Amino acid sequence: MKKGMNTPTVRWPDSLWAAVTPGGPDLPELVGCREADVIVIGGGFTGLSTALHLREAGVDVAVVEAMEPGWGASGRNNGQVIPTLSRPDPDDIVTKHGAAGERFVALLRDSAATLFDVARRYEVAAEQEQTGWVQPVHSPGRIRIAERRVRQWSKFGAPVELLSRDQVRDMLGSDAWFGGFWNRSGGHINPLALSRGLARAALEKGTRIFARSPALRFERRNNRWVVSTAKGEINGRALVVATNAYSGEFSKSLVSDIAREVMPVLSWQMATQPLSDNVRKTIIPGRQAMSDTHGELYFARYDARHRLVTGGAVIGPGNKAERIKARVTERLQRLWPQIGEVSFDYVWNGYVGMTTDFLPRIHRLGPDAYGWTGCNGRAVALSIALGSELSKAVRGVPESDLALPFTAPLPIPAHGLLRRLAPMMLLVYRRRDAREIG
Ligand SMILES: Cc1cc2nc3c(=O)[nH]c(=O)nc-3n(C[C@H](O)[C@H](O)[C@H](O)COP(=O)(O)OP(=O)(O)OC[C@H]3O[C@@H](n4cnc5c(N)ncnc54)[C@H](O)[C@@H]3O)c2cc1C
């Protein structure tokens, strides 16, 4: 053990999920020298799903997590289970990645079903509701976005439908939208409960999970991967780096190329007081998950205690938590005047890793080593599904059978400067949102 290296203190965000979710399993730190066939760095959905799928195939696997399972994006997101990317549609993906792109689209199409199936098989109680996901359009011209999505996803056999303005009004209880895109396989979950449930399932299957053990670096030694932490190291044949938008959080040099491929943008999440039965009858009565076409996204879903879980973004000086509360209160009352007084019992935030083209980046990092980043705020379902594919990759399934469109890491130039400027993109989004599309 190196002198002066303390165990990191785990501070959970002040989130609804941290308040209502039973604690996770007790986990050891990584101390001394260990060995595994496969090492996974990062204990979010990607890392835990990779480990679980590897154990299903009987592979020896250890997860090294900087804090606790679900501490990153996986435990603090909105919990919407969405089987699409944020902007690119199937044709964009196939044009860019060819046959691998087609396999990736199929993975994405099935990703929500995969998540609900994993939760069911491992009896994970994550407040899951497969009520569908709706993307209402916020201007008449944007119905073309929904039409295109329905056309392209239908070609791939996804359970999608175009909704008229009346259908969206009935589904969401608001006149604010002009129709929409509907995918029946989506829904929502308590994401921290899913993270902790996956960790428990992975442990029960024989995965070793080390917590409070930030990986400082990994390197190749004697044809093995060696991952070092402050108090120990672990070597393995194969490696999966599943640190995503939190890649630069604990070690700037762990995967600096990957960390610089995305702009980590702070997304605010908040949960209202529980809404009364009467109000709920008129606001998203079918309890679907909803995120619309605004660049400054409008999104909402209920939790199991009938709170509306929503959020937004703010820029500039001042108390951001107070400003986001005022902004989102005004929005909710505009969308649903029947909601009346709004108060927020929980307000928290987390980093979303945005890429310049809204496509994820999936990489081979060396012999039997893989990683990905670039969730663009849409990868609750995808990260679970990717875990299954990454587990196949480390088991030697040929690339031609994998739904993994690999690219070489491509850091964004002047990343440090652009990261400081990235929040200003919100102003660009607001201008675009106010304009009709051509
Ligand atoms: C606020 C917010 C809202 C979102 N809402 C939605 C949504 O509603 N629907 C949707 O589809 N997507 C949403 N997303 C995106 C979604 O949460 C992510 O795509 C998904 O959780 C990514 O999972 P992951 O396992 O790849 O990454 P993470 O969950 O971030 O896991 C990475 C893990 O790596 C660990 N780590 C980092 N560095 C090290 C290190 N050096 N050593 C060891 N461990 C390390 C971190 O502690 C973390 O636990 C949202 C994201 C955020 C932040």
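Throughout, numbering of the chain's residues begins at 1 and tracks the sequence. What you are looking at is a predicted structure, and each value in this text was computed from that prediction instead of being measured.
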[X] side, atom [atom1]; [Y] side, atom [atom2] - distance, nearest 0.5 Å:
X: N190; Y: Q128; atom1: CG; atom2: CD; value: 9.5 Å
X: M290; Y: I284; atom1: CE; atom2: CD1; value: 5.0 Å
X: L297; Y: D433; atom1: CG; atom2: CG; value: 9.0 Å
X: N244; Y: T373; atom1: CG; atom2: OG1; value: 4.0 Å
X: L275; Y: Q338; atom1: CG; atom2: CD; value: 10.0 Å
X: L172; Y: Q167; atom1: CG; atom2: CD; value: 11.5 Å

Query raised in the report: With respect to T50, which candidate in L54, L52, L48 satisfies the side-chain contact (heavy atoms from CB on, under 4.5 Å) definition?
Result: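 That would be L54.
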Distance alone, cut at 3.5 Å: any donor-acceptor contact between the side chains of [X] and [Y]?
X: S267; Y: Q269; value: yes
X: Q273; Y: R307; value: no
X: S213; Y: E65; value: no
X: R76; Y: Y351; value: no
X: E261; Y: H363; value: yes

Quick one: does [X]'s side chain get under 4.5 Å of [Y]'s, heavy atoms only?
X: I82; Y: V380; result: no
X: T356; Y: I412; result: yes
X: L386; Y: W372; result: yes
X: L192; Y: W12; result: yes
X: C375; Y: L382; result: no
X: R305; Y: E127; result: yes
X: V105; Y: E102; result: no
X: P191; Y: L194; result: no

Requested in this report: Please test T282 against W336 for side-chain hydrogen bond (donor to acceptor under 3.5 Å, both in side chains), starting from the C-alpha separation and ending with a verdict.
Outcome: CA-CA 9 Å; T282 67; W336 293 289; over 6 Å; no
Residues [X], [Y]: salt bridge by 4.0 Å N-O rule:
X: E204; Y: R200; answer: no
X: E296; Y: R432; answer: no
X: E147; Y: R144; answer: no
X: E56; Y: K205; answer: no
X: R184; Y: E161; answer: yes
X: D117; Y: R121; answer: yes
X: E68; Y: R196; answer: no
X: R151; Y: D89; answer: no
X: D357; Y: R87; answer: no
X: R169; Y: D166; answer: yes

Query raised in the report: Would D91 and K155 satisfy salt bridge (charged side-chain N to carboxylate O under 4.0 Å, His left out), going step by step from the backbone distance to the final call?
Result: CA-CA 10 Å; D91 287 359; K155 263 194 322 202; 3.3 Å; yes
Whether [X] side chain and [Y] backbone form a donor-acceptor pair below 3.5 Å:
X: R331; Y: G311; result: yes
X: T272; Y: V342; result: no
X: T310; Y: A300; result: no
X: S195; Y: A193; result: no
X: Q333; Y: G340; result: yes
X: W153; Y: R109; result: no
X: D257; Y: P411; result: no
X: N376; Y: T355; result: yes
X: S383; Y: A379; result: yes
X: H97; Y: I93; result: no

Report task. Could you check F181 against V150 for side chain to side chain contact (heavy atoms under 4.5 Å, CB included), going step by step and ending with a plain yes or no? Result -> CA-CA 7 Å; F181 170 77; V150 169; 3.6 Å; yes
Query raised in the report: Are R364 and F406 in a cation-pi contact, defined as NZ or CZ under 6.0 Å from the six-membered ring centre and within 45° of the axis?
Result: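 Positive - R364 is close enough to the ring of F406 and near enough to its axis.
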Report task. Could you please spell out the steps behind the side-chain hydrogen bond (donor to acceptor under 3.5 Å, both in side chains) verdict for H415 and R260? Result -> CA-CA 6 Å; H415 186 266; R260 286 181 293 127; 5.9 Å; no
Report task. Compute the ring centroids of Y246 and W71, then answer whether they are less than 6.0 Å apart. Result ->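 Y246 vs W71: aromatic centres under 6.0 Å.
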Query raised in the report: Is the gap between the ring centers of H306 and Y302 under 6.0 Å?
Result: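 Here the rings of Y302 and H306 have centres that are no less than 6.0 Å from each other.
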Requested in this report: Determine, stepwise, if the pair V63 / F210 fulfils side chain to side chain contact (heavy atoms under 4.5 Å, CB included).
Outcome: CA-CA 6 Å; V63 177; F210 299 103; over 6 Å; no
Query - Minimum heavy-atom distance between M67 and T9, given as atom pair plus value - result: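 Heavy atoms of M67 and T9 come nearest at CE-O, 3.2 Å.
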Query raised in the report: How close do D292 and P136 get, heavy atom to heavy atom, and via which atoms?
Result: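 Closest approach of D292 to P136: CB-O, 3.2 Å.
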**Report entry** Evaluation steps, side-chain hydrogen bond (donor to acceptor under 3.5 Å, both in side chains), between T7 and E29
**Finding:** CA-CA 8 Å; T7 301; E29 292 174 54; 3.0 Å; yes
Query raised in the report: Within a radius of less than 6.0 Å around CD of E436, do more than 12 heavy atoms belonging to other residues, nucleotides or ligands occur?
Result: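 Enclosed.
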Requested in this report: Check whether more than 12 heavy atoms from other residues, nucleotides or ligands sit under 6.0 Å from atom CG of N319, and answer yes or no.
Outcome: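 Check passes, neighbour count above 12.
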Report task. Step by step, work out the side chain to side chain contact (heavy atoms under 4.5 Å, CB included) result for V168 and F178. Result -> CA-CA 7 Å; V168 167; F178 296 83; over 6 Å; no
Report task. Tell me, with the steps shown, if D277 and R280 meet salt bridge (charged side-chain N to carboxylate O under 4.0 Å, His left out). Result -> CA-CA 5 Å; D277 290 355; R280 277 190 293 111; 2.3 Å; yes
Requested in this report: In sequence, state the C-alpha distance, the side-chain angles, and the governing distance for S185 and N183, and then conclude on side-chain hydrogen bond (donor to acceptor under 3.5 Å, both in side chains).
Outcome: CA-CA 6 Å; S185 72; N183 187 316; 2.9 Å; yes
